[in-house]
Amino acid sequence: MIDYLQKLNPQQYEAATTLEGPLLILAGAGSGKTGTMTHRIAYMIRDAGVDPRSILAVTFTNKAAAEMRERVEVLVGSVQGMWIQTFHSACLRMLRLHPEQAGYAKNFVVYDPVDQKSIIKGLLKELELDPKRFAPAYVISEISNAKEQAIGPGQYRRDTGGQAGYQELAELYDRYEKVLKKNNAMDFDDLILRAVQLLENNQEILSYFQKKFQYLMVDEYQDTNLLQYKLVKMLAEQHGNICVVGDDDQCIYQWRGADIRNILEFEKDFPGAKVIKLEENYRSSAYILEGAHSVISRNRGRKAKKLWTRADKGEKIQYYRASDDKEEARYIGGRIEALMRKDPKLTFSDFAVLYRTNVQSRRFEEALSAKGIPYQVLSGLRYYDRKEIKDILAYMRLVVNPRDDAGLMRIINEPKRGLGAKSQESLRTLAAVRGQNLMEVLKDREIVDSFPNKTAESLHAFVSAIDGLHIEQANMSVLDLYDAILVKTGYLTALEEQNTVESDSRIENLMEFKSVITEKEKEKNERGATLTLEIFMEELTLLADVDNHDPREDTVSLMTLHSAKGLEFSVVFIPGMETGIFPSYRTIDKGEGMEEERRLCYVGMTRAKKMLFLTSAEWRMLYGKTELTSESLFLKEIDRSVMGGDAVYDKKSAGTSFARYDTKAPYSEGPYVSPLASIKATRGKADERQTLAGKDVVAGQKVHHEKFGAGTVIDASGSVLTVIFDAHGTKKLAKDLAPMHKVEDQ
DNA sequence: GACATATCTAAAGCC
DNA sequence: TAGATATGTC
């Protein structure tokens with residue numbers, strides 16, 4: 001056996017040394033997936049004589065790509081020549097090599113969601129559509145979905161023809177595509193779609209890449225969508241050397257297009273495929289694994305597998321039902337303190353609170369700061385989403401590609417230069433009438449002069465600034481250009497004049513951004529290349545997350561279950577184990593959605609190395625209302641034998657003790673009916689008693705409803721509090737009970 | 001264009 | 001409840 005492969009277990013070793021033919025590595029949580037993949041690449045290069053240039057490894061996130069690159073570098077010394085990239089950047093790279101064949105001009109730009117939104121907004125105006133009925137976000141998601149299915153505007157129109165509202169959507173989609181084409185721009189979905197089309201329509205280009213990439217690897221294969229599948233399939237068609245790594249149990253992104261069938265049907269899609277299961281877990285203690293398994297095994301659509309560990313049984317899973325959401329947070333804070341007192345080796349960064357929705361974070365922030373516990377919240381907000389950064393990026397883009405209308409619209413009045421909605425409106429119209437890009441229109445002196453004096457002046461100044469930068473740009477470093485933009489556009493001056501706390505922090509961010517550029521330049525220089533503006537822009541647009549999780553900081557981590565995928569912590573808390581929160585009310589009566597929630601639960605549980613705490617709150621304030629909650633179905637699915645002795649279920653609601661649930665109940669198809677009815681509460685004045693299915697209810701009365709189940713009407717602080725048990729625990733019932741009255745904090 | 005007020009809505013977020 | 005967005009007023 002080769003020395004560096006010695007650390008691998010037999011399955012990992014086999015996976016790392018199987019190079020030819022289709023290979024599916026089913027890598028369970030904590031099974032050493034990345035190590036296996038990187039060793040596989042190392043083996044190719046060090047022992048199998050594979051040319052690094054013939055390796056293509058794709059991941060979903062920049063973080064994953066960076067990690068893979070780093071670890072391969074450690075093993076092999078260099079990643080030179082290999083394509084270790086995200087799906088999007090790999091596609092972009094192919095498209096940059098053949099823009100014309102893909103139907104674009106050389107300097108095409110990549111639009112982000114903000115640009116998309118501004119385009120859709122413009123189109124809504126143009127078509128005089130109601131932005132409420134056609135919310136930009138909704139329109140964008142429709143378009144995105146269509147593109148992920150490789151459905152163009154024409155087919156979209158045909159497919160949806162006749163249905164109310166779809167006519168307009170089809171028109172929007174069609175025009176949206178035309179705008180992008182005219183602006184020489186692609187959105188994120190285009191990157192994959194156009195790359196696939198490029199290969200589909202150009203046999204030579206396809207053959208070139210098929211020959212070039214003799215060895216393909218795909219990480220997180222369970223998250224691939226139809227287009228990504230097509231891409232991989234095409235590239236692998238000739239040689240079949242395709243290795244995909246993934247875990248169907250961790251497919252938690254179906255809602256954004258991931259198609260779990262890709263991994264489930266890999267062997268069908270790639271005949272002769274070898275399947276290797278990595279089932280030895282190196283992360284969690286046995287009780288935790290057992291608990292996670294008892295949950296995930298309820299899913300039907302999954303590949304049979306079971307993680308095991310050599311580690312001790314460890315601590316049982318703890319469950320705590322708090323009285324309300326505040327107490328739940330206090331409890332978690334208290335537990336962190338107590339555990340750290342007990343075990344001095346624990347640091348804050350050993351703890352994570354993983355919640356289902358971002359709104360839950362607030363309570364934990366409050367509770368942790370009250371106790372003086374340092375924490376960091378990993379929110380969806382990203383560094384490059386900051387306005388000032390986006391603005392400067394838009395300037396850069398416009399300088400590179402003057403046809404970039406979305407970029408221009410973004411910054412034409414940023415900083416304020418008197419070019420408000422009205423001027424923008426007429427510019428847009430002019431451009432539309434003349435079929436030109438905004439910049440082309442602006443370059444026409446006559447047109448600009450036809451605007452009111454002040455406006456014309458501003459426009460001239462704007463055009464000449466951009467134009468000047470466009471010309472100078474060729475002989476400038478990225479950093480110099482950045483400075484020039486800040487100064488010549490008046491952006492920096494405007495901020496300085498504001499002189500507020502906010503503008504100060506913006507300036508700070510802008511300065512911080514300079515170090516990002518410097519770093520990138522250094523990086524490139526080390527590899528003997530120079531950082532061109534184009535390359536820089538590219539990397540930035542596709543760089544979504546600057547890994548805002550800083551593991552070096554000793555803080556408790558607060559994040560959603562989704563963003564926890566791939567991470568691990570000694571002690572994990574999963575709060576909000578309640579019907580409606582987790583599983584989310586939106587999925588409760590949908591089998592598919594429910595399976596995904598269950599996978600999410602599995603992902604969350606398997607993040608824990610040593611201890612896992614699940615909590616729920618009896619009363620929870622949500623959307624301004626306080627409601628009685630019921631415990632999550634998932635709690636009942638965890639095998640009792642791995643739960644800590646002091647786990648108390650529904651200690652306050654009589655008749656709902658844990659023992660009543662048959663945790664081994666067979667998993668059945670159809671709507672998920674929780675054995676435990678959930679409770680909705682509403683308070684009205686005594687003379688405004690709610691009726692339930694035509695029945696008048698009064699305080700203290702037991703009620704029964706064939707659909708909603710049994711419940712009791714109880715009395716709270718003088719007025720009637722109607723409590724209804726509902727088999728689904730969804731908001732549907734709330735509607736049935738309207739009008740609802742607010743329930744004050746108990 | 002800035003600011004105040006009204007209204008609406010509520011999951012997750014990779015590139 | 002809280003935030004985002006739309007609308008109103010100066």
Side-chain angles (χ1 to χ4, degrees), chain A residues 58-65 85-92 110-113 116-117 121 130-132 135-138 140-141 144 147-148 186-193 195 219-220 222-225 227-228 251-258 325 354-363 378-382 384-385 413-423 498 538-545 547-548 559-566 576 580-588 593 596-597 599-601 603-604 620-627 731 734 742-745:
Chain A
V58 272
T59 65
F60 273 87
T61 65
N62 288 296
K63 196 176 155 195
Q85 305 202 263
T86 64
F87 267 104
H88 290 83
S89 68
C91 287
L92 178 57
V110 180
Y111 277 177
D112 70 15
Q116 291 182 291
K117 202 172 164 188
K121 278 187 169 169
D130 178 7
K132 267 189 194 141
Y138 167 64
I140 291 169
S141 83
S144 176
K147 284 192 180 179
E148 274 167 11
M186 293 192 200
D187 60 24
F188 285 151
D189 297 311
D190 278 329
L191 291 176
I192 318 279
L193 176 61
D219 189 18
E220 306 276 15
Q222 76 280 356
D223 288 335
T224 49
N225 64 24
L227 281 177
Q228 287 155 341
C251 176
I252 55 173
Y253 287 112
Q254 280 190 288
W255 53 272
R256 75 182 184 207
D325 45 354
L354 311 178
Y355 35 76
R356 177 68 241 265
T357 67
N358 278 311
V359 284
Q360 289 169 262
S361 73
R362 222 188 83 226
R363 286 276 177 254
L378 311 190
S379 68
L381 252 194
R382 303 167 301 176
Y384 294 114
D385 276 346
N413 202 27
E414 200 64 61
K416 303 277 174 277
R417 38 171 87 88
L419 302 173
K422 261 198 160 171
S423 334
Q498 276 175 32
E538 222 129 85
E539 291 188 359
L540 274 198
T541 347
L542 296 183
L543 192 55
D545 215 329
D547 199 4
N548 47 16
M559 68 185 91
T560 62
L561 287 155
H562 279 92
S563 25
K565 189 163 105 167
I581 298 256
F582 191 29
S584 159
Y585 68 94
R586 297 189 183 219
T587 60
I588 245 144
E596 181 148 319
E597 292 287 296
R599 292 192 289 267
L600 190 57
C601 186
V603 167
R620 179 174 301 276
M621 152 98 88
L622 249 186
Y623 307 141
K625 274 185 300 192
T626 301
E627 292 186 338
K731 292 235 159 191
K742 199 149 95 184
V743 175
E744 311 298 337
D745 258 351

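Numbered from 1 within each chain, the chains take letters A, B, ... in sequence-line order. None of the values given here were measured: they were computed from a predicted structure.
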With A:K416, which residues qualify under salt bridge (Lys or Arg N to Asp or Glu O under 4.0 Å), at least two apart?
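So A:K416 forms a salt bridge (Lys or Arg N to Asp or Glu O under 4.0 Å) with A:E414.
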Can you name the salt bridge (Lys or Arg N to Asp or Glu O under 4.0 Å) partners of A:D190, sequence neighbours left out?
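Checked A:D190 against salt bridge (Lys or Arg N to Asp or Glu O under 4.0 Å); matches are A:K147, A:R194.
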Any base atoms under 4.0 Å from [X], or only sugar-phosphate, or nothing? Heavy atoms, all strands.
X      : result
A:E597 : base
A:D187 : nothing
A:F188 : base
A:T357 : sugar-phosphate

Starting at [atom1] of [X] and ending at [atom2] of [N], how long is that distance when rounded to a whole Å?
X      : N      : atom1 : atom2 : value
A:I192 : B:dC14 : CD1   : P     : 15 Å
A:R363 : C:dT1  : CZ    : P     : 11 Å
A:R256 : B:dA12 : CZ    : P     : 13 Å
A:Q254 : B:dA11 : CD    : P     : 19 Å
A:E148 : B:dC15 : CD    : P     : 14 Å
A:R586 : B:dA12 : CZ    : P     : 9 Å
A:E627 : B:dA10 : CD    : P     : 15 Å
A:D219 : B:dC14 : CG    : C1'   : 13 Å

Ring-base stacking, A:W255 with B:dA11 (5.5 Å, 30° cut-offs):
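No; by the centre-distance and plane-angle rule, A:W255 does not count as stacking on B:dA11.
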In whole angstrom, give me the gap between the C1' atoms of C:dG3 and B:dC14.
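So the two C1' atoms sit 24 Å from each other.
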Between C:dA6 and B:dA11 - C1' atom distance, rounded Å:
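Approximately 24 Å lies between the C1' atom of B:dA11 and that of C:dA6.
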Sugar-phosphate or base contact per nucleotide [nucleotides 2-10 of chain C; S, B, -; heavy atom under 4.0 Å]
S--S-----
Checking A:T86 against A:N62: is there a side-chain donor and acceptor pair closer than 3.5 Å?
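A:T86 and A:N62 do not have a side-chain donor-acceptor pair below 3.5 Å.
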Side chains of A:R599 and A:Q254 only: does a donor on one sit below 3.5 Å from an acceptor on the other?
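Short answer, yes.
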Can you see if the side chain of [X] gets near the phosphate of [N] - specifically, an N or O under 4.0 Å from OP1 or OP2?
X      : N      : answer
A:N62  : B:dC15 : yes
A:N225 : B:dC14 : no
A:N358 : B:dG13 : yes
A:T86  : B:dC14 : no

Mapping A:R417 and A:V359 onto DNA chain B by nearest heavy atom, which one lands closer to the 5' end?
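Closest to the 5' end, via its nearest nucleotide, is A:R417.
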Taking A:D223 for its side chain and A:A258 for its backbone only, find out whether a donor-acceptor pair lies under 3.5 Å.
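No, the answer is negative, given that no donor and acceptor are paired below the 3.5 Å cut-off.
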Tell me whether A:D112 is salt-bridged to A:K117, with the criterion being a basic N under 4.0 Å from an acidic carboxylate O.
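No.
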Pairing of A:E597 and A:R356 as salt bridge, 4.0 angstrom limit
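Between A:R356 and A:E597 there is a salt bridge, with a charged N closer than 4.0 Å to a carboxylate O.
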Describe, in one word, how the ring planes of A:H88 and A:F188 are oriented to each other, choosing from parallel (under 30°), tilted (30 to 60°) and perpendicular (over 60°).
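It falls in the perpendicular class, over 60°.
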May I ask you to verify whether the side chain of A:R356 and the base of B:dA12 hold a donor-acceptor pair under 3.5 Å?
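Such a pair is found, so the answer is yes.
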With rounding to the nearest 0.5 angstrom, report the CD1 to NZ distance, A:I252 to A:K565.
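The distance works out to 5.0 Å.
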Nearest to the side chain of [X] - [options]?
X      : options                : value
A:K416 : C:dT1, B:dC15, B:dG1   : B:dG1
A:H88  : B:dC15, B:dG13, B:dA11 : B:dC15
A:T560 : B:dA11, B:dG13, B:dC15 : B:dG13

